[in-house]
Amino acid sequence: MNKFNRYVSVISLFGLISLSGQNKEVIIEPIKVKDNIYMLKGQGGNIGLFIGEDSMFMIDDQFARLTPKILKVIKSITDKPVAYLINTHWHGDHTGGNENMSKEGAVIISHENVRKRMSVESVVRGKKKPASPKEALPVITFSKDMMVHFNCEDVLVSHVHNAHIDGDAHVYFTTSNVLHMGDTYFQGKFPYIDLSSGGSIDGYIAAIDKALIMTDDNTIIIPGHRGLSCRKELLSYKEMLET
């Protein structure tokens, strides 16, 4: 083996070791939002949990390989099963665990465009993404808005048009006054707008406007990425986007 080939082999080995280390170091951190609402941070989009008397309502599920860790953390919080899982959009860091959660008994809900995009091969940031297996696809879809009545809470699942993608949804817990915005809000950083999936800057700003209408100064906002937020920060975020 010549020096160049040895060099490439060593670099590849370090790359594999580094990737393996990154996977092992992922920690799923539970953050209590309200008495029965949690946010789970890990690797990928923030997960929302709403714990009812008999079962649980979940928002997004990160990557498939993290499902065992996610379930372990959930079981440390409650022994209730996940009855419903809502996908705020179709990207893999929010839907990667769908197949696993479906096998756990969760009924998956999303906007109709999420199911459509997951059902076919797609291209994200120049990389081909194969169609998702049947077990990972949402089984209940909506075109505009829908209301989920769960544990004495009316949960408004509201579609926002052509924002991060063309199938984004906000999930608003009307009694608890908590809003999960998915990737229509990247707290404290510039957003990623997926133009190839129907996203647009105008739609993104409109999504922020819709969220501002639903919220007040006491609303706790769960963004798609980073930490918990509030209406004041969201107003600042909108100003940044418009500028």
Side-chain angles (χ1 to χ4, degrees), residues 39-48 58-63 85-98 108-129 132 136-138 141-146 156-172 178-215 219 221-231 233-243:
M39 179 179 82
L40 303 186
K41 293 185 69 176
Q43 187 180 60
N46 289 329
I47 293 171
M58 185 173 177
I59 305 169
D60 292 339
D61 51 27
Q62 298 188 5
F63 297 103
L85 166 64
I86 286 191
N87 293 149
T88 59
H89 63 289
W90 76 274
H91 288 156
D93 62 323
H94 294 255
T95 64
N98 274 19
I108 305 174
I109 304 170
S110 78
H111 186 266
E112 59 188 11
N113 288 341
V114 172
R115 180 181 169 92
K116 288 177 183 177
R117 292 195 177 278
M118 291 180 67
S119 300
V120 298
E121 182 181 90
S122 304
V123 177
V124 180
R125 293 182 173 178
K127 295 182 179 180
K128 286 186 177 181
K129 178 178 173 59
S132 299
L137 298 178
T141 61
F142 58 93
S143 58
K144 293 183 180 179
D145 301 336
M146 68 178 294
L156 175 62
V157 185
S158 182
H159 173 52
V160 287
H161 303 270
N162 301 98
H164 175 60
I165 63 162
D166 59 5
D168 295 298
H170 290 166
V171 183
Y172 180 52
V178 173
L179 174 64
H180 193 305
M181 293 184 63
D183 278 5
T184 65
Y185 183 27
F186 285 67
Q187 189 263 347
K189 63 183 292 187
F190 291 118
Y192 164 53
I193 299 175
D194 188 352
L195 303 180
S196 64
S197 294
S200 71
I201 181 61
D202 290 337
Y204 207 98
I205 293 172
I208 301 292
D209 283 331
K210 188 169 185 177
L212 289 169
I213 290 171
M214 289 191 290
T215 58
T219 306
I221 299 174
I222 301 175
H225 295 268
R226 304 189 82 173
L228 290 174
S229 189
C230 60
R231 193 173 191 274
E233 288 186 349
L234 191 61
L235 281 165
S236 176
Y237 196 76
K238 179 193 172 186
E239 182 180 355
M240 176 275 292
L241 291 171
E242 291 177 334
T243 301

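Since the model is a prediction, treat every value here as computed from it, not as a measurement.
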Euclidean distance, L137 CG relative to S119 OG, rounded to 0.5 Å: 4.5 Å
Point-to-point distance, once rounded to the nearest 0.5 Å, from CH2 of W90 to OG of S132: 8.0 Å
Whether R115 side chain and T141 backbone form a donor-acceptor pair below 3.5 Å: no
CA sep, side-chain torsions, deciding dist, call: I208, L241, side chain to side chain contact (heavy atoms under 4.5 Å, CB included): CA-CA 10 Å; I208 301 292; L241 291 171; 3.9 Å; yes
CD1-NE2 distance between I193 and H164, expressed to the nearest 0.5 angstrom: 9.0 Å
Main-chain N/O of N162 paired with S200 side-chain donor or acceptor, under 3.5 Å: yes
Distance, nearest 0.5 Å, that separates OH of Y237 from OH of Y204: 4.0 Å
Heavy-atom donor-acceptor pair, N46 side chain to G227 backbone, under 3.5 Å: no
Side-chain (D145) to main-chain (H159) donor-acceptor, under 3.5 angstrom: yes
Polar contact flag, side-chain donor to acceptor under 3.5 angstrom, R231-T215: yes
CA sep, side-chain torsions, deciding dist, call: M181, L234, side chain to side chain contact (heavy atoms under 4.5 Å, CB included): CA-CA 11 Å; M181 293 184 63; L234 191 61; 4.0 Å; yes
Test item: side-chain donor near acceptor, D183 and H91, under 3.5 Å: no
Side chain to side chain contact (heavy atoms under 4.5 Å, CB included) evaluation trace for T219 with M214: CA-CA 9 Å; T219 306; M214 289 191 290; over 6 Å; no
Polar side-chain atom of D168 near backbone of T184 as donor-acceptor pair, under 3.5 Å: no
N98 (side chain) donor-acceptor with A136 (main chain) under 3.5 angstrom: yes
E121, CD atom: more than 12 neighbouring heavy atoms under 6.0 Å: yes
Donor + acceptor pair across side chains of T88, D60 (<3.5 Å): yes
Straight-line distance of N113 CG to I165 CD1, nearest 0.5 Å: 7.5 Å
Under 3.5 Å: donor-acceptor pair, side chain of Q187, backbone of H225: no
Nearest-0.5 Å distance that lies between atom NZ in K210 and atom CG in L179: 11.0 Å
Y185 (side chain) donor-acceptor with H180 (main chain) under 3.5 angstrom: no
Under 3.5 Å donor-acceptor, H111 side chain and S143 backbone: yes
D61 side-chain N/O to G97 backbone N/O, donor-acceptor pair under 3.5 Å: yes
